[in-house]
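Have a look at the structure below before the remarks.
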Amino acid sequence: AGGACDQTQVAHYDYPAWTLGFDYQATDVLFVYAKTSRASKSGGWNLRLGSIPAFDPETVRDVEVGFKSGLFDNRIRFNVALFHTWLKDTQRVAAAFVGGTQTTYLVNAGSAKIYGAEFELTARPWTGMELRGNLSLMHGSYDKGTFKETQLVGGTPVVIDRSDEPFLQIPKRQISFGATQRVPTGVGELSLHADYAFISGQHFYTATLAPTAPAAAIAQTEIGNMLGRIPGYGLLNGRIGLEIEGTGVEAAIFAR
């Protein structure tokens with residue numbers, strides 16, 4: 001049986017959070033804004049091999065500017081947002097080599113940035129019709145040379161740079177649009193709706209091996225990277241509903 005755990009480790013973190021914003025109603029139909037904020041994810045300890053240093057908090061700073069507009073008595077609404085996010089000491093699971101042992105730990109994997117733009121459009125061209133559209137563009141990447149990992153190759157520790165890996169869960173494009181037409185009838189309101197959404201490919205897992213690693217291991221890692229990426233896909237939805245007047249009852253059929 002193992003003995004009592006008598007190891008003591010101490011870490012102290014300070015990570016203030018704040019938000020600063022500026023709003024301005026430029027005209028009756030145009031609202032502009034800018035904001036910046038800072039927040040952090042707590043640091044901590046890996047529970048295996050107590051000699052591993054504590055990992056620091058992951059800090060996020062961002063800036064966003066944009067406007068919201070309503071034209072033709074709000075029959076057309078058009079909104080735009082531009083954003084840029086800086087990440088410092090990103091927390092990632094990576095290999096580490098300590099005291100002759102290699103395993104994976106939660107470590108600080110350097111710095112990264114995410115930036116992009118979002119566009120929203122809503123229009124009501126005639127009575128009962130509503131059109132909606134949305135476009136999101138986003139890019140994320142590690143800063144060069146900041147995400148490094150120590151791997152054991154042939155009994156020798158080798159430091160590799162993983163900064164060129166795709167940033168996880170960052171689809172470069174998301175597009176959606178839809179239409180809803182409401183029609184009054186003798187028994188209630190008929191609602192006809194259709195929408196389509198597309199999200200581009202994104203990575204949920206990626207890894208890099210040292211160039212000197214065995215060819216079989218490199219091939220296996222490439223397969224894992226391929227399986228860790230979800231290709232782009234689209235979803236088409238349709239719905240027809242009838243709300244029966246005076247009853248609070250609605251019947252609908254839908255497909256996805």
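L137 and I114 fall into different hydrophobic clusters, where Ile, Leu, Val, Met, Phe, Trp and Tyr side chains are chained together by heavy-atom contacts under 4.5 Å. When the side chains of ILVMFWY residues are joined at heavy-atom separations under 4.5 Å, either directly or via intervening members, V32 and F119 end up in a single hydrophobic cluster. Cluster membership for L82 and L135, using ILVMFWY side-chain heavy atoms within less than 4.5 angstrom, is shared. Criterion: ILVMFWY side-chain heavy atoms under 4.5 Å apart, direct or through other members. Under it, L87 and L106 are not part of a common hydrophobic cluster. No chain of hydrophobic side-chain contacts below 4.5 Å, direct or via other Ile, Leu, Val, Met, Phe, Trp or Tyr residues, connects M226 to L209.
With sequence neighbours excluded, no residue satisfies salt bridge (Lys or Arg N to Asp or Glu O under 4.0 Å) with D195. Not counting sequence neighbours, the partners of Y115 by the ring pair (Phe, Tyr, Trp, His ring centres under 6.0 Å) test are H84, H139. Annotation: ring pair (Phe, Tyr, Trp, His ring centres under 6.0 Å) contacts of Y142 (sequence neighbours excluded): F147, F167. With sequence neighbours excluded, the residues satisfying salt bridge (Lys or Arg N to Asp or Glu O under 4.0 Å) with R182 are E189. In terms of the ring pair (Phe, Tyr, Trp, His ring centres under 6.0 Å) criterion, F31 has no residue partners (sequence neighbours excluded).
Closest approach of S37 and T19 over heavy atoms only: CB-OG1, 3.5 Å.
The number of heavy atoms from other shown groups lying within 6.0 Å of CD (E130) is above 12. When the shell of 6.0 Å around CD of E250 is examined, it contains more than 12 heavy atoms from other residues, nucleotides or ligands. Environment of OH in Y15: crowded, with over 12 heavy atoms of neighbouring residues, nucleotides or ligands closer than 6.0 Å. In this structure, K88 places its NZ atom where only 12 or fewer heavy-atom neighbours from other residues, nucleotides or ligands lie under 6.0 Å away. A 6.0 Å sphere centred on NZ of K148 holds no more than 12 heavy atoms belonging to other residues, nucleotides or ligands. No more than 12 heavy atoms of other residues, nucleotides or ligands sit less than 6.0 Å from atom CG of D73.
Under a 3.5 Å cut-off, the side chain of T90 and the backbone N or O of G110 do form a donor-acceptor pair. Under a 3.5 Å cut-off, the side chain of E243 and the backbone N or O of G188 do not form any donor-acceptor pair. Using a distance-only test at 3.5 Å, with no hydrogens or angles considered, no donor-acceptor pair links the side chain of Q91 to the main chain of F55. One N or O on the side chain of R38 and one on the backbone of P16 form a donor-acceptor pair closer than 3.5 Å. One N or O on the side chain of T146 and one on the backbone of S111 form a donor-acceptor pair closer than 3.5 Å. For N108 (side chain) and E58 (main-chain N/O), no donor-acceptor pair under 3.5 Å exists by modelled atom type.
Side-chain contact between W86 and V63: present, with at least one pair of heavy atoms (C-beta onward) separated by less than 4.5 Å. Two residues are said to be in side-chain contact when any heavy atoms from C-beta on lie closer than 4.5 Å; T180 and S191 meet this criterion. In this structure, the side chains of T206 and L168 come closer than 4.5 Å at one or more pairs of heavy atoms. A heavy-atom distance below 4.5 Å is found between the side chains of F67 and L30. Within the 4.5 Å cutoff, the side chain of P125 has no heavy atoms near those of the R75 side chain. Inter-residue side-chain proximity for T36 and R61 is flagged as unmet; no heavy-atom pair is nearer than 4.5 Å.
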* To do: Run the numbers on D23 and K35 for side chain to side chain contact (heavy atoms under 4.5 Å, CB included), then give the verdict.
  => CA-CA 8 Å; D23 300 337; K35 80 173 188 71; over 6 Å; no
* What's the verdict on side chain to side chain contact (heavy atoms under 4.5 Å, CB included) for Q174 and N134, showing C-alpha distance, side-chain angles and the deciding distance? -> CA-CA 8 Å; Q174 297 184 71; N134 179 277; 5.5 Å; no
* To do: Let me see the working for T208 and E165 under side chain to side chain donor-acceptor pair (under 3.5 Å), right down to the final yes or no.
  => CA-CA 8 Å; T208 301; E165 291 182 2; 2.6 Å; yes
* To do: In sequence, state the C-alpha distance, the side-chain angles, and the governing distance for T212 and T156, and then conclude on side chain to side chain contact (heavy atoms under 4.5 Å, CB included).
  => CA-CA 11 Å; T212 54; T156 303; over 6 Å; no
* To do: Before giving the answer on side chain to side chain contact (heavy atoms under 4.5 Å, CB included), spell out for L190 and I240 the whole-Å C-alpha distance, their side-chain angles and the decisive distance to 0.1 Å.
  => CA-CA 7 Å; L190 180 67; I240 301 175; 4.0 Å; yes
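One finds the NZ atom of K113 at 12.0 Å from the OG1 atom of T85 (value rounded to the nearest 0.5 Å).
A salt bridge is absent between D161 and K144: the closest approach of a Lys/Arg side-chain nitrogen to an acidic carboxylate oxygen does not fall below 4.0 angstrom.
Taking the six-membered ring where the residue is Trp, F22 and Y24 present parallel rings, their angle staying beneath 30° rather than reaching 60°.
Applying the ring-ring contact (aromatic ring centres under 6.0 Å, His included) test to every pair with at least one member in residues 190-219, sequence neighbours left out, gives these pairs: F177-Y196.
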